[in-house]
There are 2 protein chains.
Amino acid sequence: MGKRKITVKELASILGVSISTVSKSLSDSYEISDKTKARVQKLAKKYNYKPNRIAVNLKSGKTRTIGVVLPSILNNFFTKVLYGIERIASQENYNIITCISYESYDKEVSNMQILSNGSIDGLIVAIAEESQIKGDFDHFKESIEEGNPVVMFDRVTDLVDCDKVVVDDYNNAFIATKHLIDIDCKNIALVSTIDFLGVGQLRVDGFKKAIMESFGELDQDLIITTNTENLEYELTQLLANKKIDGVFAIDEDSSLAAVKTIKSQGYHIPNDISIIGYAGAKIANNLTPTLTTVNQHGITIGKSAAKTLINRLNNGDKEYKKKIIEVDIDQRESTMKRKKIL
Amino acid sequence: MGKRKITVKELASILGVSISTVSKSLSDSYEISDKTKARVQKLAKKYNYKPNRIAVNLKSGKTRTIGVVLPSILNNFFTKVLYGIERIASQENYNIITCISYESYDKEVSNMQILSNGSIDGLIVAIAEESQIKGDFDHFKESIEEGNPVVMFDRVTDLVDCDKVVVDDYNNAFIATKHLIDIDCKNIALVSTIDFLGVGQLRVDGFKKAIMESFGELDQDLIITTNTENLEYELTQLLANKKIDGVFAIDEDSSLAAVKTIKSQGYHIPNDISIIGYAGAKIANNLTPTLTTVNQHGITIGKSAAKTLINRLNNGDKEYKKKIIEVDIDQRESTMKRKKIL
DNA sequence: GTGAAAGCGCTAACAG
DNA sequence: CTGTTAGCGCTTTCAC
């Protein structure tokens, strides 16, 4: 103990100079003689002086801290995004304060309020499920009005004017569906546990477009939107009633459930049924068979969001931008049919 | 715009009262008349006044913020711990600032320094790989000396005096190995990609003890400590040269690699070779076969670490404690042998 | 080249 | 019951 943090004031009194001399010396000001600077800097080093960040923040009105509000952290995608944000933040000398909304509107609002009280310079957010359902985004508008810029990613809304980083879910779902069609699937089902999310809708729409374009008609019964608990049951029913040869699972839960169910019902993947889904590489690579996925590039999204925010912080004037991150398909075994043995 | 954050001073001038009257009214002080309080509070609400946290922090010398330094965030275990920390923190009205050391000593030191400058009240840390190898823990001691209590979890060291939250890796590895022995495995291999970590060593030791206790001798060749890239190759060699009927994989990477390799070499799990490993439930449940795991209860660890830190923050006097979290085995298919068909 | 003083926004001891 | 004042630790203008 005893080594307590030292302050400018204390340094000044030890050296018998004024506080401002110390402060200026530490920032290497031209006003101070080299000799004095040296003395001060030496002592500062000796006592391991570090300016109190809180005081600096208060003085400067800046915190060099970014608030991040995520719906969940036990989720591969959001974790990746957070990782991307952290990479950029730490590189640009920003700290990040992470809050979790747990998909709850109230939690999200309170997170935003706690952060928008001077703790942070700006926010990166993916909107909570409940807020999207509710359609209430006033807390974001407020934060922006109060001078804390917001960057939204993935879960965004047109109702708030701010920077956004998204993937083109509509188009990517289209491409994913086309991938199944290209390998000769004729009866493609879609499974989803995220129908209440904007991104969920977009993916379904992209799917529909691809189906219509290729087949001219769409069987609504092949679209299962449900929750994780019921998915296995509903998919089992579908498999029993319809001849399915391809499945597009538009989120991680439904991807895992689909693989499990299809196998347990005695179908071979990909020979009987091909499947493309959403999942992180680690999971996709360790399923049997390995799962072809739409790679969302979470890290890229996080990096882009952080860069966007820091840019805005540095020069607040520009127009709001919507950045679209390219996505690609990581083909694995689940869509690699063996040569048909007739 | 224009709705800029409002301050006590501004409220005071609008109402024509003094700053301290406003401040006291807002904290519902007994010194102020109900009438005045009401006026102030009404106006504060109208302007959506929120005390500037930075100013409050500076004044109080507390930040109600916990720093968390993790070696990685793209890791199921650490993510779970972070989740646990967040749960408690948010419940106790603390924020968390998350930094990632990327297993690097330098990054860890700089993270600690950035945080130990007044930004936080205390720290929760799992030591980076490189620091463990290097054996240099001065940055932790310094932080503690400067008045920022540290709680270490999982990756801890006896060389720093502070609160710790760990699992009994030695004993748990012992139990895991016994689990294999109980289902009649006679030739058990251990695979590891974390031999440089303290926890890695402990798990190996626990394994050895169980083997010695049951068989009286230990074949060192059955212990593979390597890195993720080489594991498949080395395990393949081992399977070719020795008769193995059980595998204990002591980390997630080696668990996944072991399952993959054993299957690809044509062995049946669990009938030919049983396997127990470390992995999150989501992965374990979706492997084929599902993987029996040592459940480390990351969330519990995180919660415990956060509670420990907050406790210390509230009453700094007590002795340092080491809390040991109970671990259990989640048995799944990879250790459920079918009846032998002779 | 150095120092005094103000002020960031807030709280609280002390006066009135 | 209300107001004045000092001060948290720092930076910065303005005097000297």
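Just so it is clear: chains get the letters A, B, ... in the order the sequence lines come, proteins before strands, and each one is counted from 1.
Annotation: the span from B/Thr65 atom OG1 to B/Leu123 atom CG amounts to 11.5 Å, rounded to 0.5 Å. Considering CD1 of B/Ile97 and CG of B/Leu115, their distance stands at 6.0 Å, rounded to 0.5 Å.
Note on B/Thr36: only backbone sugar-phosphate atoms sit closer than 4.0 angstrom, heavy atoms only; bases stay farther off. Contact annotation for A/Ser33: backbone-only contact, meaning every heavy-atom pair under 4.0 Å involves sugar-phosphate atoms and none involves a base. Base engagement by A/Ser20 is indicated by at least one non-hydrogen atom pair under 4.0 Å involving a base atom. Looking at heavy-atom distances under 4.0 Å, B/Ile19 makes contact with a base.
Atom NZ in A/Lys50 sits roughly 12 Å away from atom P in D/dC10 (whole-Å rounding). Following rounding to the nearest Å, B/Glu31 (CD) and D/dT2 (C1') show an atom-to-atom distance of 9 Å. If you measure from atom CZ of A/Arg64 to atom P of D/dC10, you get 18 Å, rounded to the nearest angstrom. B/Arg53 has its CZ atom 16 Å from the C1' atom of D/dC8, to the nearest Å. Rounded to an integer number of Å, the gap from CZ of B/Arg39 to P of D/dC1 is 15 Å. In this structure, the CG atom of B/Asp28 is 13 Å from the P atom of C/dT11, given to the nearest Å. For the pair B/Ile32 CD1 and D/dT4 P, the interatomic distance rounds to 13 Å; values are reported in whole Å. Here C/dG3 presents its P atom at 14 Å from CG of A/Leu11, a figure rounded to the nearest Å.
Test B/Val150, B/Ile144, B/Asn148 against B/Ser116 for side-chain contact (heavy atoms from CB on, under 4.5 Å) and you get one pass: B/Asn148.
Each of A/Val8 and B/Ser18 lies near DNA chain D, and the nucleotide nearest B/Ser18 is the one positioned closer to the 5' end.
Donor-acceptor pairing under 3.5 Å, judged by distance alone, is absent between the side chain of A/Lys24 and the base of C/dG1. On a pure distance criterion of 3.5 Å, a polar donor-acceptor pair joins the side chain of B/Lys59 and the base of D/dG7.
For the pair B/Val81 and B/Val68, the minimum side-chain heavy-atom distance is 4.5 Å or more.
Taking side-chain N and O atoms only, A/Lys9 has a distance below 4.0 Å to OP1 or OP2 of D/dC8. Close to C/dC10, at under 4.0 Å from its OP1 or OP2, lies no side-chain N or O of B/Ser23. Within the structure, a side-chain polar atom (N or O) of A/Tyr49 is placed less than 4.0 Å from OP1 or OP2 of D/dC10. For C/dT2, the OP1/OP2 oxygens have no side-chain nitrogen or oxygen of A/Thr21 closer than 4.0 Å.
Both tests hold for B/Lys134 against B/Tyr105: distance to the six-membered ring centre under 6.0 Å, angle to the ring axis within 45°.
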